[in-house]
Amino acid sequence: REGQLTSMVQRREGDQELMTATHDGIIFVWDIDELGPVGMLREPQLQRLNCLSLSPSGKFLAVATDQGAHVQVWDIASGQPGSNTAPVAVGVAHSQSVTSVCWSPDEKQLISTGKDGTVAVWNWFGE
């Protein structure tokens, strides 16, 4: 595959074991037994994705974006990989690129950092 990979997470269960983010807004779902990706998600504005973080339950994927300085949450447990067309939630708290995002162990909060020097704590009420 052409393009720069910017982040990777490993799924805990299932045949699709890895998810990678690219500099052009695409998240690929990989099965280590397959030669190419088995699924794909597209960031709506196709902007650079800086960081991926899988929730402790494995149901949600948090994505840190570059130009829009957003934190997006995708429901990756519903449907087939790549069937989601948009994030289920988008948060804006940074004035510059979001550089990192992670989940709390109880999956009730997301924490993000940005190039603007801020740390944001997000309450998450996903089901």
Side-chain angles (χ1 to χ4, degrees):
R1 285 251 167 249
E2 291 184 25
Q4 178 185 12
L5 297 178
T6 56
S7 185
M8 180 186 76
V9 293
Q10 184 173 9
R11 296 185 71 179
R12 295 175 190 212
E13 296 179 16
D15 293 333
Q16 294 81 26
E17 296 184 9
L18 297 174
M19 301 182 87
T20 58
T22 68
H23 71 287
D24 55 357
I26 299 173
I27 299 167
F28 288 109
V29 181
W30 302 88
D31 179 329
I32 60 169
D33 297 325
E34 299 293 327
L35 201 51
V38 296
M40 179 176 62
L41 302 170
R42 286 185 188 266
E43 195 281 326
Q45 277 68 50
L46 295 178
Q47 61 181 312
R48 177 187 174 95
L49 305 176
N50 291 333
C51 182
L52 300 177
S53 180
L54 196 58
S55 68
S57 70
K59 183 176 180 180
F60 299 104
L61 179 71
V63 179
T65 67
D66 197 49
Q67 296 94 345
H70 297 139
V71 171
Q72 302 175 352
V73 177
W74 294 73
D75 180 348
I76 59 170
S78 63
Q80 294 296 317
S83 64
N84 301 337
T85 57
V88 295
V90 177
V92 180
H94 300 279
S95 62
Q96 295 179 23
S97 299
V98 181
T99 55
S100 181
V101 63
C102 66
W103 291 90
S104 64
D106 63 2
E107 200 170 291
K108 293 182 179 181
Q109 293 181 317
L110 280 163
I111 299 92
S112 61
T113 60
K115 284 188 179 178
D116 57 1
T118 61
V119 174
V121 179
W122 311 81
N123 291 323
W124 176 248
F125 301 102
E127 296 182 23

Asker: To the closest 0.5 Å, what do you measure between CD (Gln45) and CG (Asp66)?
Answerer: 13.0 Å
Asker: Would you call the rings of Trp122 and His94 parallel, tilted or perpendicular, where under 30° means parallel and over 60° means perpendicular?
Answerer: tilted
Asker: Distance check, rounded to the nearest 0.5 Å: Leu54 atom CG versus Gln10 atom CD?
Answerer: 10.0 Å
Asker: Would you say Val88 ends up clustered with Val101 if hydrophobic residues are merged whenever their side chains have heavy atoms under 4.5 Å apart, either directly or through other cluster members?
Answerer: yes
Asker: May I ask whether Ile111 and Val9 are part of the same hydrophobic cluster, defined by side-chain heavy atoms of I, L, V, M, F, W, Y residues being less than 4.5 angstrom apart, directly or through others?
Answerer: no
Asker: Which heavy atom of Val90 sits nearest to which heavy atom of Pro87, and what is that distance?
Answerer: CG2-CG, 3.8 Å
Asker: Provide the closest heavy-atom pair for Arg48 versus Gln4 in the form atom of the first, atom of the second, distance.
Answerer: NH1-OE1, 3.5 Å
Asker: When rounded to the nearest 0.5 angstrom, what is the spacing between CD1 in Ile27 and CZ in Arg42?
Answerer: 11.5 Å
Asker: For the residue pair Ala120 and Ala93, what are the closest heavy atoms and their distance?
Answerer: CB-CB, 3.9 Å
Asker: Quick check for you: to the nearest 0.5 Å, what is the distance between Ile26 atom CD1 and Thr20 atom OG1?
Answerer: 9.5 Å
Asker: Between Thr99 (side chain) and Thr113 (backbone), is there a donor-acceptor pair under 3.5 Å?
Answerer: yes
Asker: Take Phe28 and Met40 through the test side-chain contact (heavy atoms from CB on, under 4.5 Å) and record every step on the way to the result.
Answerer: CA-CA 5 Å; Phe28 288 109; Met40 179 176 62; 3.9 Å; yes
Asker: Quick one: closest heavy-atom pair of Asp75 and Ala77, and the distance?
Answerer: OD1-N, 3.0 Å
Asker: Side chains of Asn50 and Thr6: do they bring a donor and an acceptor to under 3.5 Å?
Answerer: no
Asker: Using atom types as modelled and distance alone, determine if a side-chain donor or acceptor of Thr65 lies under 3.5 Å from a backbone N or O of His70.
Answerer: yes
Asker: I need the Asp24 CG to Gln47 CD distance, nearest 0.5 Å.
Answerer: 11.5 Å
Asker: Are Trp30 and Ile32 connected in a single hydrophobic cluster, I mean Ile/Leu/Val/Met/Phe/Trp/Tyr linked by side-chain heavy atoms less than 4.5 Å apart?
Answerer: yes
Asker: Carefully, step by step, assess Leu41 and Ile76 under the rule side-chain contact (heavy atoms from CB on, under 4.5 Å).
Answerer: CA-CA 10 Å; Leu41 302 170; Ile76 59 170; 4.2 Å; yes
Asker: Looking only at non-hydrogen atoms, find the nearest pair between Glu107 and Phe60 and report the distance.
Answerer: OE2-CD1, 3.7 Å
Asker: Output, in order, the C-alpha distance, side-chain angles, deciding distance and verdict of side-chain contact (heavy atoms from CB on, under 4.5 Å) for Trp74 and Leu52.
Answerer: CA-CA 11 Å; Trp74 294 73; Leu52 300 177; over 6 Å; no
Asker: Test Glu43 against Val63 for side-chain contact (heavy atoms from CB on, under 4.5 Å), laying out the working first.
Answerer: CA-CA 9 Å; Glu43 195 281 326; Val63 179; 5.7 Å; no
Asker: How long is the straight-line distance from CZ of Phe125 back to CD of Gln109, given to the nearest 0.5 Å?
Answerer: 8.5 Å
Asker: Between Trp103 and Ser53, what is the shortest heavy-atom contact and its length?
Answerer: NE1-O, 3.0 Å
